[in-house]
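The basis for the numbers below is simple: all heavy atoms, side chains too, and nothing from hydrogens, waters or symmetry mates.
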Amino acid sequence: MPSRPADPAAPARRRGTDPRLAIGIALVIGSIAAVVGIVAVSDEGVDVYAAPELLTAGERVTADDLELRRVALGAEVGSYLTAEDMPEDGVVVSRTVGEGELVPRGAVGDARGPGSTTVVVALTTPLGATVRPGDTLDLWSSAQEEAGRFGAPAVIASEAQLVREIADDGIVAGAEEARVELLVARRDVARILGALANGDALAAVPTALAIGG
């Protein structure tokens, strides 16, 4: 008996979905999700400011003076100065921050109204070789009396902080005086300015030396 020709109108037989194809697709999707998850975890962090060089108390710094580092701090993120925390007019450093260190929020203050300020004074005797920026000093004054005589010394500013020593670039360098910039409490400014106006003999005596180099 001759075979009957296929009916062109008959619907084509549907093939079942190959389970191996479904498994392959699932593996690909799983791999992509895993990679995305790893990248997301590794990218967890926050932009925190670090000091590219030593920051001493009294300095006013802005975002341009610092460098941003993306770090994962977890619960400690609130302890450091982030990009979101930085005011447009910058901050004032209230204690020394070492070169390369992350900037703690407790080490900076509002630049608009700090409780301290810097003054430049000429010391009768130079600072010791071990004294460096960041060290805490007491500023002593011996009041000038008559005929070049000076009275008993007294502290006119306690817990001042050395910001920097100022080199004498003049033609004649003062061998007996050392000019320094100090961070002092605003309440001590009047006494310091009075001593300078009176020509008193000033000396800075370290009370604490900064740790490290």
Side-chain angles (χ1 to χ4, degrees), residues 51-62 64-66 81 87 89-99 101 103-213:
E53 58 186 15
L54 178 70
L55 303 179
T56 57
E59 287 189 69
R60 181 179 177 276
V61 296
T62 65
D64 293 337
D65 301 315
L66 305 174
L81 184 66
D89 54 353
V91 293
V92 172
V93 180
S94 58
R95 60 181 173 84
T96 302
V97 179
E99 179 180 352
E101 292 184 10
V103 180
R105 295 183 65 180
V108 295
D110 193 336
R112 295 171 297 178
S116 56
T117 188
T118 57
V119 294
V120 175
V121 299
L123 304 178
T124 305
T125 56
L127 295 172
T130 59
V131 181
R132 59 186 182 275
D135 291 344
T136 303
L137 313 167
D138 282 343
L139 184 64
W140 291 73
S141 172
S142 298
Q144 182 171 213
E145 298 176 346
E146 56 185 15
R149 299 176 59 185
F150 295 87
V155 176
I156 60 173
S158 59
E159 296 186 353
Q161 202 161 31
L162 176 63
V163 176
R164 62 185 175 119
E165 293 189 66
I166 302 174
D168 192 342
D169 296 328
I171 298 177
V172 179
E176 296 183 354
E177 291 188 347
R179 296 175 66 231
V180 296
E181 183 177 1
L182 301 175
L183 177 74
V184 299
R186 288 188 179 274
R187 64 177 180 273
D188 296 331
V189 172
R191 286 194 296 269
I192 296 172
L193 295 180
L196 293 173
N198 191 52
D200 297 348
L202 301 179
V205 179
T207 59
L209 301 179
I211 297 174

message: Could you report the tightest heavy-atom contact between Ala201 and Phe150, atom names first, then the distance?
response: N-CE2, 3.7 Å
Closest approach of Glu53 to Glu99 (non-hydrogen atoms, all atoms of both residues): CA-CG, 3.7 Å
- request: Quick one: closest heavy-atom pair of Pro153 and Ser142, and the distance?
  value: CB-OG, 3.4 Å
query: Which residues pass the side chain to side chain contact (heavy atoms under 4.5 Å, CB included) test with Leu196, sequence neighbours left out?
result: Val121, Ile192, Leu193, Leu202
message: Is it the case that the side chain of Thr124 and the backbone of Ala203 share a donor-acceptor pair, with hydrogens and angles ignored and the cut-off at 3.5 Å?
response: no
query: With side chains defined as the heavy atoms from C-beta onward, is the minimum distance between Leu66 and Leu81 less than 4.5 Å?
result: yes
message: Rounded to the nearest 0.5 Å, what separates atom CD in Glu59 from atom CG in Leu54?
response: 7.5 Å
- prompt: So, do Asp200 and Ile156 sit near enough that their side-chain heavy atoms are less than 4.5 Å apart?
  reply: no
Atom pairs and distances, side-chain donor-acceptor, residues 157-165, under 3.5 Å, sequence neighbours left out:
| unit_1 | atom_1 | unit_2 | atom_2 | d |
| --- | --- | --- | --- | --- |
| Gln161 | NE2 | Gly134 | O | 2.9 |
| Arg164 | NE | Glu181 | OE1 | 2.5 |
| Arg164 | NH2 | Glu181 | OE1 | 3.3 |

- request: Determine whether Leu183 and Thr56 make a side-chain contact, defined as any pair of heavy atoms from C-beta on separated by less than 4.5 Å.
  value: no
task: Could you tell me which residues satisfy side chain to side chain contact (heavy atoms under 4.5 Å, CB included) with Ala154, sequence neighbours excluded, listed by chain and number?
output: none
- prompt: Can any side-chain N or O of Asn198 pair as donor or acceptor with the backbone N or O of Ala195 at less than 3.5 Å?
  reply: no
message: Any non-hydrogen side-chain atom of Val184 less than 4.5 Å from a side-chain atom of Leu139?
response: no
query: Taking all atoms of both residues into account, what is the closest heavy-atom pair of Val97 and Pro104, and its distance?
result: CG2-CD, 4.3 Å
statement: The single option from Thr207, Val205, Leu182 that satisfies side chain to side chain contact (heavy atoms under 4.5 Å, CB included) with Leu137 is Leu182
